[in-house]
Amino acid sequence: MTGPAVAAVRRAVREFLAIADAPAELCVAVSGGADSLALAEAAAHVGHRAGHRVRALVVDHGLQEGSAKIALDAAAAARSLGVDEAEVRRADVTGTGGPEAAARKARYRALDGHGLVLLGHTLDDQAETVLLGLGRGSGPRSVAGMRPHDPPWGRPLLAVPRATTRAACAELGVEPWEDPHNAEPRFTRVRLRTEVLPLLEDVLNGGVAAALARTSAQLREDNEALDTLADMIFTRAGGSEGLEVAVLAAEPAALRRRVLRRWLLQSGVRELTDAHLRAVDALVARWRGQGGVWLPGNLEASRCRGRLCLTSQPTTRGE
């Protein structure tokens, strides 16, 4: 007899697979924690009935003593829950942005290339992501949170609370691994999870995580609509070789900057900030004959004969 928590997780996976273009083999990222184990069981249960083969992918970051055994135990737990195969992959954690960001990037690199990969992010993870975006002033794309289907990633559990995945493991008789990093206050997400969100729930009388998740869903819908309109303007304005200023000037700022963002990213500008974007937008909306805008990668955006153009500038000696 299936308990209510297991049934809820399975239902979320079933609903996700009904709208996703799922390949013959489903891959599930498994850490050994409650979220990923509940997801692995649901993916195996639902996937097998829909004719899918299910494979668990376990990433060993090598950041903790005994990480190899933890990874092997997670793979064994996933097999016991019905997946057809469980594979352990070692990740090389390097790069900038702090240990959280470096580990996340390494994990995604290790998981990429396997078609559709299901991730165990829950409603609580979505709420934390929205709060991070709000606190950093990263704009609507960040506050919109994680997408349920963002190929090659699938997140079937974004409407499922973390308490439900824990209850599902209890119903299944599985003991999830508790990552000690999840209790380390030096990590921003841990403090959001253990301090900020509980305080908000107390002050606002509950329901905050669900409300933040709903807000992110509404913002994603708005973003998708605005991006569709921006794509049409981008085509009218001329595309990657340069944009007609007159076309851009007739549009609202929110759409205009979306067009500029797409153009700059498509043209090779990296690490594009809001300050960069607004400076380029000033070449359209507040044109007073000013010079060009320097951008990362030794690129310069400027006005030339009624169009915005992007040129590469030589690296100065000593850089």
Side-chain angles (χ1 to χ4, degrees), residues 95-98 100-102 104-105 108-109 112 129-147 150-151 153 188 215-319:
T96 59
E100 285 181 286
R104 182 170 58 254
K105 290 174 184 176
Y108 278 110
R109 284 196 302 268
D112 199 5
T129 300
V130 174
L131 282 178
L132 281 171
L134 283 170
R136 292 169 177 168
S138 305
R141 292 183 189 279
S142 180
V143 179
M146 299 174 281
R147 294 179 178 177
D150 187 20
W153 317 115
T188 303
T215 299
S216 72
Q218 292 162 4
L219 276 171
R220 281 196 304 277
E221 292 173 353
D222 291 348
N223 279 335
E224 288 167 5
L226 289 170
D227 283 343
T228 298
L229 293 173
D231 287 346
M232 297 167 63
I233 298 165
F234 180 81
T235 301
R236 288 202 338 263
S240 58
E241 297 302 317
L243 302 175
E244 297 250 1
V245 171
V247 173
L248 295 176
E251 300 297 338
L255 284 172
R256 190 171 61 239
R257 284 196 283 270
R258 285 172 185 269
V259 176
L260 292 173
R261 180 179 183 275
R262 173 178 169 180
W263 173 58
L264 293 170
L265 291 176
Q266 186 172 295
S267 300
V269 178
R270 296 293 177 263
E271 299 178 7
L272 183 65
T273 67
D274 183 68
H276 293 137
L277 195 55
R278 289 179 183 274
V280 176
D281 185 51
L283 297 174
V284 177
R286 296 187 300 281
W287 171 246
R288 301 291 185 272
Q290 65 264 39
V293 176
W294 286 85
L295 298 165
N298 292 313
L299 296 168
E300 182 185 16
S302 58
R303 278 180 70 139
C304 38
R305 299 179 182 177
R307 296 176 72 86
L308 288 183
C309 56
L310 199 64
T311 55
S312 178
Q313 299 299 321
T315 304
T316 58
R317 189 167 296 177
E319 285 189 5

Side chains of Val130 and Leu219 in contact at under 4.5 Å (non-hydrogen atoms): no
Shortest non-hydrogen contact between His276 and Trp294, atoms and distance: CD2-O, 4.2 Å
Neighbour count above 12 (heavy atom, 6.0 Å) for Arg236 CZ: yes
Between CZ on residue Arg256 and CG on residue Asp281, distance to nearest 0.5 Å: 4.0 Å
Set of residues satisfying salt bridge (charged side-chain N to carboxylate O under 4.0 Å, His left out) with respect to Arg141, sequence neighbours excluded: Asp227
Atom of Ala144, atom of Asn223 and distance for their closest heavy-atom approach: CB-ND2, 3.6 Å
Given Val284, Ile233, Val280, Leu248, the one that forms side chain to side chain contact (heavy atoms under 4.5 Å, CB included) with Leu243: Leu248
Worked check of side-chain contact (heavy atoms from CB on, under 4.5 Å) between Leu308 and Trp263: CA-CA 10 Å; Leu308 288 183; Trp263 173 58; 3.8 Å; yes
Nearest-0.5 Å distance, CG of residue Asp231 to CZ of residue Arg258: 10.5 Å
Closest non-hydrogen atom pair, Leu264 against Leu310: CD2-CD1, 4.1 Å
For Gly133 against Ser142, the heavy-atom pair lying closest together: CA-OG, 3.2 Å
Leu272 side chain reached by Pro296 side chain, heavy atoms, under 4.5 Å: no
Ser216 to Gly145 - nearest heavy-atom pair and separation: CB-N, 4.3 Å
Nearest-0.5 Å distance that lies between atom OG in Ser302 and atom CD in Gln290: 11.0 Å
Spatial distance of atom CZ (Arg257) from atom CG (Leu277) [nearest 0.5 Å]: 6.5 Å
Residue pair Val259 / Glu251, side-chain heavy-atom distance below 4.5 Å: no
Trace of the side-chain contact (heavy atoms from CB on, under 4.5 Å) decision for Glu300 with Leu295: CA-CA 6 Å; Glu300 182 185 16; Leu295 298 165; over 6 Å; no
Close side-chain approach of Asp112 and Trp153, heavy atoms under 4.5 Å: yes
Under 3.5 Å donor-acceptor, Arg220 side chain and Met146 backbone: yes
